[in-house]
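Keep in mind it's a predicted model, so treat the numbers as computed, not measured. Just so you know, these numbers use all the heavy atoms, side chains as well, and skip hydrogens, waters and symmetry mates.
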There are 2 protein chains.
Amino acid sequence: MPQVIEEIPHPTREQLELSAVLHALSEPVRLEMVARLAACELDDEPTCGSFDVAVTKSTCTHHFKVLREAGVIRQHRRGTARLNTLRRDDLEARFPGLLDAVLRSAGV
Amino acid sequence: MPQVIEEIPHPTREQLELSAVLHALSEPVRLEMVARLAACELDDEPTCGSFDVAVTKSTCTHHFKVLREAGVIRQHRRGTARLNTLRRDDLEARFPGLLDAVLRSAGV
DNA sequence: GCACTCGTACGATGGTTGTCGTACAAGCGA
DNA sequence: TCGCTTGTACGACAACCATCGTACGAGTGC
């Protein structure tokens, strides 16, 4: 286990729960966030502010928190920005094919 | 379009919404119902009462209603009993691979 | 007809959640 | 240092939801 400096708590791969993941993805705003994250997840990690969803900042924070605590995304800080990445590998390991099926169904 | 006598309202295949389906499946009790439905879905259609989940009758009715309105299951009456089937084909058509991924992840 | 079973309907209730506004902490840049 | 940007924290609020109990309707069997 590499010792990762992580100020923000995340569930481990083993702690991922299907119900929590499905619940996190069942919210249209969050689903859109995940879809965008998946779309531009080549090399850059979008910050929270780079999503122009139709909600305020605090609501955005709330949704990112739900996604993070469900284990769907990983967040880490760089300066004042908070960078977000999809936890593709962990999700694929625990729930094979699920994320892809959801993203495909979401019309990404 | 065959004219089906159906007293209970169901969404059409085109009306299925990803968010509603994910929300319906994100509840542990409902997920277990769906898993059992998938397991014994060979020829028999289980009635509502044949699920011995840890909730009362009325809660059970509520969960079946949520699943039905999300389009996950189809219900029809035979006498006083209500028979339940998984809408595999419709789900597969709209959200390919999703149901299988969920069921596999649920440990069925 | 009469009980019994199956499932629904309705109301109540306590908990969860999505939304927002405001205030605040932490960096960055001039 | 002094704003400006980024995002969080907290409180508030309305809406939703899972749960239950009770009452009821519709069939089935005696």
Separation of dA15(D) P from His23(B) NE2 (nearest whole Å): 17 Å
What's the spacing between Arg94(A) CZ and Arg13(A) CZ if we round to 0.5 Å? 9.5 Å
Whole-Å distance, Arg82(A) CZ to dT6(D) C1', equals 10 Å
Quick one: do Arg74(A) and Asp90(A) satisfy side chain to side chain contact (heavy atoms under 4.5 Å, CB included)? Show the steps, please. CA-CA 10 Å; Arg74(A) 191 176 293 279; Asp90(A) 291 329; 3.4 Å; yes
Closest nucleotide of DNA chain D for His62(B) versus for Thr61(A): which of these residues is on the 5' side? Thr61(A)
Of all heavy-atom pairs linking Gly71(A) and Leu91(A), the shortest is O-CD2, 4.1 Å
Supply the atom-to-atom distance Glu69(A) CD to Glu17(A) CD, rounded to the nearest 0.5 angstrom. 12.5 Å
At what distance, to the nearest 0.5 angstrom, does CG of Leu18(B) lie from CG of Leu103(A)? 9.5 Å
Neighbours of DNA chain D within residues 25-32 of chain B, by heavy-atom distance under 4.0 Å: Glu27(B), Val29(B), Arg30(B)
Spatial distance of atom CZ (Arg88(B)) from atom CG (Asp100(B)) [nearest 0.5 Å]: 6.0 Å
Specify the separation, in whole Å, of atom CZ of Phe64(B) and atom C1' of dA18(D). 15 Å
Round to a whole Å and report the spacing from CG of Asn84(B) to P of dC6(C). 14 Å
Atom CD of Glu69(A) to atom C1' of dT8(D): distance rounded to whole Å? 13 Å
For Thr56(B) and Thr59(B), what are the C-alpha separation, side-chain angles and deciding distance, and is it a side-chain hydrogen bond (donor to acceptor under 3.5 Å, both in side chains)? CA-CA 5 Å; Thr56(B) 62; Thr59(B) 305; 3.2 Å; yes
Phosphate OP1/OP2 of dT19(D) contacted by His63(B) side-chain N/O (<4.0 Å): yes
Verdict with reasoning, Leu86(B) to Leu99(B), per side chain to side chain contact (heavy atoms under 4.5 Å, CB included): CA-CA 10 Å; Leu86(B) 213 50; Leu99(B) 182 62; 4.0 Å; yes
In whole angstrom, what separates Ile73(B)'s CD1 from dG7(C)'s C1'? 13 Å
With rounding to the nearest 0.5 angstrom, report the CZ to CD distance, Arg68(B) to Gln75(B). 5.0 Å
In the 5'-to-3' direction, what one-character label does each nucleotide of nucleotides 20-30 of chain D receive under the scheme B = base within less than 4.0 Å of a protein heavy atom, S = sugar-phosphate only, - = no such atom? BB----BBS--
Would you mind reading off the distance between Lys65(A) atom NZ and dT17(C) atom P, rounded to a whole angstrom? 11 Å
